[in-house]
Protein chains: 2
Amino acid sequence: MTQIKRQPNPKNCGEAKVIPLTLNSLKVACSQCNLQELCLPLGLSETELGRVDTLVGARRKVKRGQHLYRAGDPFEAIYAVKTGFFKTDVLLEDGRDQVTGFQMAGELLGMDGISVEAHTCNAVALEDSEVCLIPYEQLEELSSEIRTLQRHFHKVMSREIVRDHGVMMLLGTMRAEERLAAFLLNLSQRFMARGYSSAEFHLRMTREEIGSYLGLKLETVSRAFSHFQEAGLIAVQQKHIRILDATALKQLLNRQPI
Amino acid sequence: MTQIKRQPNPKNCGEAKVIPLTLNSLKVACSQCNLQELCLPLGLSETELGRVDTLVGARRKVKRGQHLYRAGDPFEAIYAVKTGFFKTDVLLEDGRDQVTGFQMAGELLGMDGISVEAHTCNAVALEDSEVCLIPYEQLEELSSEIRTLQRHFHKVMSREIVRDHGVMMLLGTMRAEERLAAFLLNLSQRFMARGYSSAEFHLRMTREEIGSYLGLKLETVSRAFSHFQEAGLIAVQQKHIRILDATALKQLLNRQPI
DNA sequence: AAGTCACTTTGACCCAGATCAAACGACAGC
DNA sequence: GCTGTCGTTTGATCTGGGTCAAAGTGACTT
């Protein structure tokens, strides 16, 4: 039951607290977690799951606006979102930045850090959140013993690569409204997979963050929302979204630009 | 010394031949390969390297224009480029496609296939090429025994994720000439790492393929090349590129757009 | 209750890059 | 050598989305 040492942090603000593992918190470790079908332990047997419980060492609360990790932080663990919502972003030297993804419950964060043993992007909570720490050293150890875990971890990383290809596609070939439609449908589908409504949800991110992710300016995102609303595809009120015509949204994607 | 079964292929054209492992081909397995410092076996000991030799089962020649694999093909192996040059691309239902990457000697191909046990993109040789087959089942097996190999494989996948983030950045925030400058500098650096000139090289891909990768139209790519040439940054003659002022190219990237 | 602040919407205008079109160059096959 | 094909360059024009600006909308503070 290893607890990851907190990284030393010059400024003492904006950082999250590690919750040491107690009998109480163990109750929500993987074998009892209702996210297990979406998360790392997918497909493990009862006994294997028991061993993964010993891997997931501690949980950590991250308040809205706080960083889970920052680019440059030493890489020690990957994180599974237990509750809440995160964004990851990359920062260029010249100040430009881009949101590379949004993560919700059951999704993993931090795999970018393995390559150079340091995180290469920032992870910020968009609402009060809680994550499970998965110390990487131990994950390696356990996954060399449990083949299913190794296989599944590889799949998770591979899925991340495939997801990134999808974003590249979106950024490289789609027009503004297609990008937003794809984004909404993707969110909708992920909320559904978690048992929430696929038709009605609350955006945790600002128009600017959506724009950054989609390679658009916030005004363009706002205009696209308004246009979708006028066309009767969705109902928007600030961050509250209701999808009225999912089929039409999907058709927007399959339309040839020429 | 396993040989991967060739996938059944309806059309018998455009597919590559598997070369069974012979005593002769063994001479160029990993332990004797001058690419080992760029490829999968990086950082392995002598004895570990010997075991990896038994993993890399066969090589396969792929002629220019042929597919190494296609989206939808069952995933059985990843590939290391031995010689030559590849592109990978994704195809959307509506016919739009995008190049997601270019791969040269020492680089790995096919990790996108792990996630759903089928390839999710196409890999096409841009010149006559040869790849080493790394059967995935055996890679899993061996990497659970050799910790260094496991670690290194994770790093390779993680590096792919980080690379994709770089492309997302490029597509989401950079202007046409910045994208092309970034592309040229990246190629230059990769040629250098392989012992070729970083200042002078031959593009294996068309303007259209560059454009697809960079989210631009081929005309825009061509115009950017011409503009770089007028500005004395490079000399272009068809696919032959000479970088005259790498510093200026780098400065193009660090310039604030506002 | 009023003020502040962060986010969003909407309008007017502009420009980078797309589109359309035509000419040009390189190379393979006959 | 000629010819067809494919890729590239260059010009002219158009437009989607960026930019700039101002007003609107909550939500939180005092």
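The basis for the numbers below is simple: all heavy atoms, side chains too, and nothing from hydrogens, waters or symmetry mates.
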Peer 1: Looking at every strand, decide which applies to Ser226(A) at a 4.0 Å heavy-atom threshold: base, sugar-phosphate, or nothing.
Peer 2: sugar-phosphate
Peer 1: Please identify each residue that fulfils side-chain contact (heavy atoms from CB on, under 4.5 Å) with His240(A), with sequence neighbours left out.
Peer 2: Glu200(A)
Peer 1: Using a strict 4.0 Å threshold on nitrogen-to-oxygen distance, state whether Asp128(A) and Arg64(A) make a salt bridge.
Peer 2: no
Peer 1: Would you please classify the geometry between the Phe75(A) ring and the His119(A) ring as parallel, tilted or perpendicular, with 30° and 60° separating the classes?
Peer 2: perpendicular
Peer 1: Would you say the side-chain atoms of Arg179(B) pair up with the backbone N or O of Leu171(B), donor to acceptor, closer than 3.5 Å?
Peer 2: yes
Peer 1: So which of residues 228-242 of chain A are in contact with DNA chain C, with a heavy-atom cut-off of under 4.0 Å?
Peer 2: Gln238(A), Lys239(A)
Peer 1: Not counting sequence neighbours, which residues clear salt bridge (charged side-chain N to carboxylate O under 4.0 Å, His left out) with Glu208(B)? List them please.
Peer 2: none
Peer 1: Could you tell me, to 10°, how much the axis swings from one end of the helix from dA1(C)-dT30(D) to dC30(C)-dG1(D) to the other, five pairs per end?
Peer 2: 40°
Peer 1: Using a heavy-atom distance cut-off of less than 4.0 Å, which residues of residues 200-216 of chain A contact DNA chain D?
Peer 2: Gly215(A), Leu216(A)
Peer 1: Between Val221(B) and Thr220(A), which has a closest nucleotide on DNA chain D that is more 5'?
Peer 2: Val221(B)
Peer 1: Below 4.0 angstrom, N of the basic side chain to O of the carboxylate: do Glu178(B) and Arg96(A) qualify?
Peer 2: yes
Peer 1: Angle class for the Tyr196(A)/Phe191(A) ring planes (parallel below 30°, perpendicular above 60°, tilted otherwise)?
Peer 2: perpendicular
Peer 1: Could Glu107(B) and Arg159(B) be called an ion pair, given the rule that one side-chain N must be under 4.0 Å from one carboxylate O?
Peer 2: no
Peer 1: Verify, without hydrogens or angle tests, whether Arg194(B) (side chain) and Ala105(B) (backbone) share a donor-acceptor contact under 3.5 angstrom.
Peer 2: yes
Peer 1: Could you pull out the protein-nucleic contacts involving nucleotides 11-16 of chain D (nitrogen or oxygen on both sides, under 3.5 Å)?
Peer 2:
from: dG11(D); atom 1: N7; to: Arg223(B); atom 2: NH1; distance (Å): 2.9
from: dG11(D); atom 1: O6; to: Arg223(B); atom 2: NH2; distance (Å): 3.1
from: dA12(D); atom 1: N6; to: Arg223(B); atom 2: NH2; distance (Å): 3.3

Peer 1: Between P on dG17(C) and CG on Leu180(B), what's the gap in Å once rounded to a whole number?
Peer 2: 12 Å
Peer 1: Take atom CG of Leu218(A) and atom C1' of dA22(D), then tell me their distance rounded to the nearest Å.
Peer 2: 14 Å
Peer 1: Flag the pair Glu219(B) and Arg207(B) as a salt bridge only when some basic side-chain nitrogen lies within less than 4.0 angstrom of an acidic carboxylate oxygen.
Peer 2: no
Peer 1: Answer yes if the side chains of Ser129(A) and Thr83(A) hold a donor-acceptor pair under 3.5 Å, and no otherwise.
Peer 2: no
Peer 1: Please assess Ser198(A) against Gln189(A) for the test side chain to side chain donor-acceptor pair (under 3.5 Å), listing each intermediate value before the final yes or no.
Peer 2: CA-CA 6 Å; Ser198(A) 67; Gln189(A) 177 261 309; over 6 Å; no
Peer 1: Which of these, Lys61(A), Lys63(A), Lys82(A), sits in a salt bridge (charged side-chain N to carboxylate O under 4.0 Å, His left out) with Glu130(A)?
Peer 2: Lys61(A)
Peer 1: Report the distance from atom CE of Met174(B) to atom P of dG17(C), rounded to the nearest whole Å.
Peer 2: 13 Å
Peer 1: Separation of Lys217(A) atom NZ from dA16(C) atom C1', in whole Å?
Peer 2: 14 Å
